[in-house]
Amino acid sequence: MQHNLTPPANWTKGWGYNEGWSLCSGLILAGFLLQWTIGSPTIEKFNWPYNLLFLLGFIVVLTAAFIFLKNNFLIRWLSGIPAAVTAMVATGILVIFMGIVPQQSSSVLEHPSNLLMRLGLTDFTNSWPFVFIFTYFFITLGLVTIRRSTPFTRRNIGFLLNHAGLWITLAAGLLGSADLKRYTMQVTEGDTVWQAVDERGKAHEMPLAIKLIDFHIDDYNPKLGVVNMHTQQLLPTKKPQLVLLEPLMTNIELLNWQIRIDTFYTEAAQLDSNSYLPAKVPGLAPVAYVTATHAEKTVSGWITPGSPRVAPAWLPLGDGNALVLTTPEPKRYSSEVVIYTQSGDITNALIEVNKPIKAEGWNIYQYSYDEKMGKWSTQSVFQLVRDPWLPVVYFGLILLMTGSGYLFWQGRKEKQTEEEQ
Amino acid sequence: MEWLHFGWVVFVCSISWALASVLVLAGPQRPVMQKSALVIIGLSIAFLTAYVVYLWIQLQRPPLRTLGETRLWYSLFLSLIGLFIWRRWKLNWMLIYSLSMALLFLFINFLKPETHSKTLMPALQSVWFVPHVIVYMFSYALLAASSLFGLKGLYHIYLTKDKNVNVLPMADNLVYTGFAFLTLGLIFGAIWAKEAWGHYWTWDPKETWAFITWAGYLVYIHYRWYHPLRQKTALWSLTLSFVFLLICWFGLLYLPAAQNSVHVYSN
């Protein structure tokens, strides 16, 4: 069914796509000029309650414009499709800049010197072109959402979910970023730390303290492999053959050698050059006693990747190669902590990757550890995140997810009628 | 830990899905075959679900921690969502694609039992990981199919100069469905990122290009809705959006901006 949804030309004083492209180019150019002369807008100063007031003010002004200036050609054009498409394309182009120029937070850079930095391209979400184009985008998206919400009909539900959902998500995400705080806190076992550090290295006194009782890494078992003693490379060189040792494994074939695992300890201490004892003390290493056979030759011996308290050992196979155990890879790491709050609460907790805990309005994540010490690290690094606008963002996301459901179900089968402009 | 009786699951699903594919291809003029296919697929998915529950009980924890367990969920979601899309949009090829992919993952699991206990990186042990990957698998398949129509359309406009062919309505249906999944993919990724890394959006190169791809198809959808007669621009925007999709999917390995992305899997 063919139909024409473009309004008559005099409806918007003849404004169409050309005006949209001109407006976008103008906004981007003006943005770059402003950026070059006065530098980045200070988004960090736009925090609570200014961002909320701005958001509410924006909504009020848009609604008022729609109600009282409904017949104004500019409002009509801004709530029409040419403005919408040009806004989307301009936004896409700006994000393409971000996809091509490596981004770096300008709060870390001190003196922007080269061309890309002066134009704001290396930290584009904190630049004037971004602010101008996104404002245009929010105006067009906001107006079209307001327009389709009255009169409220069932047919418009899918439309409203998607458009309002996107508006709320982006507005809360962008405006709320000024209130987003992400600090790190490095704690050594036994210490209690009240201060956290931001991305610029500035310290902040926190309403909570973390005491690290124990930092723990769960390792995988070591792997068995063959190494060229001269080059120290695992063989075969292009695609090393490695076998993960499991507790009940007895026989393994590796590079034409038949290997029998006589003994395997996941953790053992060294007693002397030829004996090891399984134990559970920090600083130990996995150890195995193996017998390798090939053709008529048989060799036996202890192998271990070593650790701060155990010397590494390998089994020479007589052909320039040796049988080795690799250093175990980390499987899971976690911190056993005590959280103290200024209000006097004391809580025991376990913080693992993907399992943050909450305290005093902050989320505490297991972030990293002393990687030089590896498994025997006595330091844990936490990330503390405060994101007060998150519930609003999630609300917008829920609307969008529901809207996607509508989109999936209805597709393009929705009956098209003459659009009221 | 060995997955008991898993071989039976692979056997039942292989036979069921192969049979169902044949029945489906027999054509819409044979409703009995279509209905039988539906019943067979439904029962086999129920059987697969029962196995997941059984595994959950055996392991005494949700099966979300190892590589093998992830692949099992892929098989379940691929077959389930494939069935759903087939019923809603009657796309036979989509059903066969989904069932083949689901079967592929079952076979990989069967042939590589060592992955059943190979624990994932901690950041990947999240309930949002599998949904995020699955919806992108569907989205990319649908959008790739739509781009084939786009190419066909361009071919007719520029090479055969045939004005009567209009592939866009068919492309539209695929784009709408693909875009719905694409949106969900972005959202699931954001929710997962919040849980694992503390923030839902960091303009990481993969995220940035995922947004660009999303914006491209968004422009296409709006342009098509309001200017259904303008074929050339629509076809080019469809093609360009697919180029963005490819950049997002593969191109990141070559872009200098992307070398520090958390999404770069090869090292």
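Lettering follows sequence order; numbering is per chain, from 1. Both backbone and side-chain heavy atoms feed into the values below; hydrogens, waters and symmetry mates do not. Quick caveat, the model's predicted, so the values are computed rather than measured.
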Point to revise | Donor-acceptor pair, side chain of B/Trp209 and main chain of A/Gly99, under 3.5 angstrom | key: yes

Study note, to complete from the structure: Output for pair (A/Ile93 CD1, B/Ile212 CD1), nearest 0.5 Å, gives 10.5 Å

Check your understanding: Looking at CE of A/Met401 and CD1 of B/Ile187, how far apart are the two atoms once the value is rounded to the nearest 0.5 Å?
Key -> 5.5 Å

Point to revise | Which portion of A/Ile398 sits near chain B, non-hydrogen atoms under 4.5 angstrom | key: neither

Exercise for review: Measure the spacing between CG of A/Leu180 and NE2 of B/His199 and express it to the nearest 0.5 Å.
Suggested key: 5.0 Å

Check your understanding: Looking at B/Phe84, B/Phe138, B/Tyr176, which hits ring-ring contact (aromatic ring centres under 6.0 Å, His included) with A/Phe408?
Key -> B/Phe84

Review point. Which bit of A/Leu384 comes within less than 4.5 Å of chain B, counting heavy atoms only: side chain, backbone, both or neither?
Key: neither

Review point. Contact part of A/Thr125 toward chain B, heavy-atom cut-off under 4.5 Å: side chain, backbone, both or neither?
Key: side chain

Exercise for review: Verify the ring-centre separation between A/Tyr17 and B/His227: is it less than 6.0 angstrom?
Suggested key: yes

Exercise for review: Report yes if the side chains of A/Asp387 and B/Tyr200 come closer than 4.5 Å at any heavy-atom pair, otherwise no.
Suggested key: yes

Practice item. Rounded to the nearest 0.5 Å, what's the gap from CZ on B/Phe181 to CG on A/Leu407? Could you check? Key: 11.0 Å

Check your understanding: Between atom NZ of B/Lys194 and atom OH of A/Tyr365, what is the distance when rounded to the nearest 0.5 Å?
Key -> 5.0 Å

Check your understanding: OG1 of B/Thr183 to CG of A/Asn162: how many Å apart, nearest 0.5 Å?
Key -> 7.0 Å

Point to revise | A/Arg182 side-chain N/O to B/Gly198 backbone N/O, donor-acceptor pair under 3.5 Å | key: no

